[in-house]
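The structure appears right after this line, and notes come after that.
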Amino acid sequence: MPRTNGERTPARPTSVRQHQRHARILRVAARLGAEHGLERMQMHDVARESGVAIATLYRYFPSKPHLFAAVMHDQVLRMEAETPPPPPGTEAAEAVGDLLTGASRRLFEQPLLALAMMQSGNVSTTGTDRRSRTTDEILADLVLQTAGVAEPTERDRSVARILEQAWYGLLTTVLYERASHREALDGIRLACRLLLRPV
């Protein structure tokens with residue numbers, strides 16, 4: 001079994017075939033992560049079900065946290081692509097509240113995968129490509145876009161980052177069974193009202 005300390009910069013897919021392989025790995029990892037979580041999922045199973053060599057898997061993802069951070073990055077990108085603009089006249093707090101509570105409900109449906117992604121959130125998925133946006137940057141951009149902020153100031157970006165951190169914290173309380181779904185969803189709505197009123 002290949003051993004890695006997780007410090008190596010992950011390889012990035014460049015060809016169409018490599019991108020397809022990379023996407024297939026992420027799909028399999030998301031499914032197995034939903035079934036087993038971070039600790040119990042095995043990299044060998046991901047490689048086998050993705051149809052890639054274990055060395056190829058480790059070349060793209062040096063550790064399980066790298067893999068689940070990439071799954072989260074992929075899901076946030078998909079959320080950005082699939083989120084329509086809010087109806088005209090919708091207040092910022094309501095629009096962003098709808099966005100984040102909807103995303104939360106989807107995460108609560110797969111708690112083991114959600115927890116694996118949250119536990120892996122500090123791992124970089126952008127590698128050496130500084131042009132790539134981080135997961136946090138994509139989510140902050142989506143929050144600002146949903147709030148109707150076309151030309152965000154640095155203060156607007158700070159508000160979006162704080163809201164994102166509050167959202168992560170509220171999700172974590174549910175995933176560690178310290179709060180109910182309803183308490184977290186109400187907390188997300190309250191955070192949106194408190195933070196986005198000035199925006």
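Both backbone and side-chain heavy atoms feed into the values below; hydrogens, waters and symmetry mates do not.
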Return the orientation label for the His22 and Phe61 ring planes: parallel under 30°, perpendicular over 60°, tilted otherwise. tilted

Original post:
Mind checking whether Val52 and Tyr60 have side chains closer than 4.5 Å, heavy atoms only?
Top reply: no

Sequence neighbours excluded, the answer for side-chain contact (heavy atoms from CB on, under 4.5 Å) partners of Thr90 is Pro86, Pro87, Glu94, Ala95

- prompt: Would you say Val159 and Ile162 make side-chain contact, with heavy atoms under 4.5 Å?
  reply: no

- Item | Verdict with reasoning, Met72 to Gln75, per side-chain contact (heavy atoms from CB on, under 4.5 Å) | CA-CA 5 Å; Met72 185 170 186; Gln75 295 202 2; 5.7 Å; no

Going hydrophobic residue to hydrophobic residue with side-chain gaps under 4.5 angstrom, can you get from Leu112 over to Phe68? no

Between the CZ atom in Arg48 and the CD1 atom in Ile54, the distance rounded to the nearest 0.5 Å is 10.0 Å

For Glu183 and Ser180, the nearest pair of non-hydrogen atoms, with its separation, is OE1-N, 2.8 Å

Checklist entry - Are any of the side-chain heavy atoms of Phe108 and Leu171 separated by less than 4.5 Å? => result yes

Interatomic distance, CE@Met79 vs CG@Leu142, rounded to 0.5 Å, equals 5.0 Å

* To do: May I ask you to decide whether Arg189 forms a salt bridge with Asp98, counting only side-chain N to carboxylate O separations under 4.0 Å?
  => yes

Note to self: Show, in sequence, the C-alpha distance, side-chain angles and deciding distance for Glu154 and Arg161, and conclude whether the salt bridge (Lys or Arg N to Asp or Glu O under 4.0 Å) test is met.
What the structure shows: CA-CA 11 Å; Glu154 190 53 43; Arg161 285 193 294 269; 3.1 Å; yes

- With side chains defined as the heavy atoms from C-beta onward, is the minimum distance between His73 and Val76 less than 4.5 Å? no

Hey, is CZ on Arg40 packed in by over 12 heavy atoms from elsewhere, all under 6.0 Å?
no

Closest non-hydrogen contact found for Leu170 with Thr173 is O-OG1, 2.6 Å

To the nearest 0.5 Å, atom CG of Leu26 lies from atom CG of Asp74 at 5.0 Å

OG (Ser50) and CG (Leu32) are apart, to the nearest 0.5 Å, by 8.0 Å

Residues Val71 and Ala30: closest non-hydrogen pair is CG1-CB, 4.0 Å

Residues Arg105, Glu109: salt bridge by 4.0 Å N-O rule: no

* To do: For Asp141 and Ile138, indicate whether the former's side chain and the latter's backbone hold a donor-acceptor pair under 3.5 Å.
  => no

**Prompt:** Is the shortest heavy-atom distance from the side chain of Ile188 to the side chain of Ser104 under 4.5 Å?
**Reply:** yes

Rounded to the nearest 0.5 Å, the CD atom of Glu82 sits from the CG atom of Leu77 at a distance of 11.0 Å

Correct closest heavy-atom pair for Leu175 and Met118 would be CD1-CG, 3.8 Å

Can you tell me if Arg193 uses its side chain to pair, donor with acceptor, with the backbone of Ala93 under 3.5 Å? no

Open item on the list: Would Glu164 and Val143 count as a side-chain contact (heavy atoms from CB on, under 4.5 Å) here? Give the steps.
Closed with: CA-CA 8 Å; Glu164 182 182 338; Val143 165; 5.9 Å; no

Walk me through whether Val174 and Leu107 qualify under side-chain contact (heavy atoms from CB on, under 4.5 Å). CA-CA 10 Å; Val174 173; Leu107 289 169; over 6 Å; no

Worksheet item: Does Met41 belong to the same Ile/Leu/Val/Met/Phe/Trp/Tyr cluster as Leu38, with side-chain heavy atoms less than 4.5 Å apart forming each link?
Response: yes

All heavy atoms of Ser120 vs all of Ala116, minimum pair found to be OG-O, 2.9 Å

Check your understanding: Is a side-chain donor or acceptor of Lys64 paired with a backbone partner of Glu39 at a separation under 3.5 angstrom?
Key -> yes

Test log, rule side-chain contact (heavy atoms from CB on, under 4.5 Å), inputs Glu91 and Leu196:
CA-CA 9 Å; Glu91 291 187 2; Leu196 293 177; over 6 Å; no

Of all heavy-atom pairs linking Glu137 and Ser132, the shortest is OE1-O, 4.2 Å

Distance col, row Leu190:CG vs Leu185:CG, nearest 0.5 angstrom, shows 12.5 Å

Check whether any side-chain heavy atom of Tyr168 sits under 4.5 Å from a side-chain heavy atom of Asp136, and report yes or no. yes

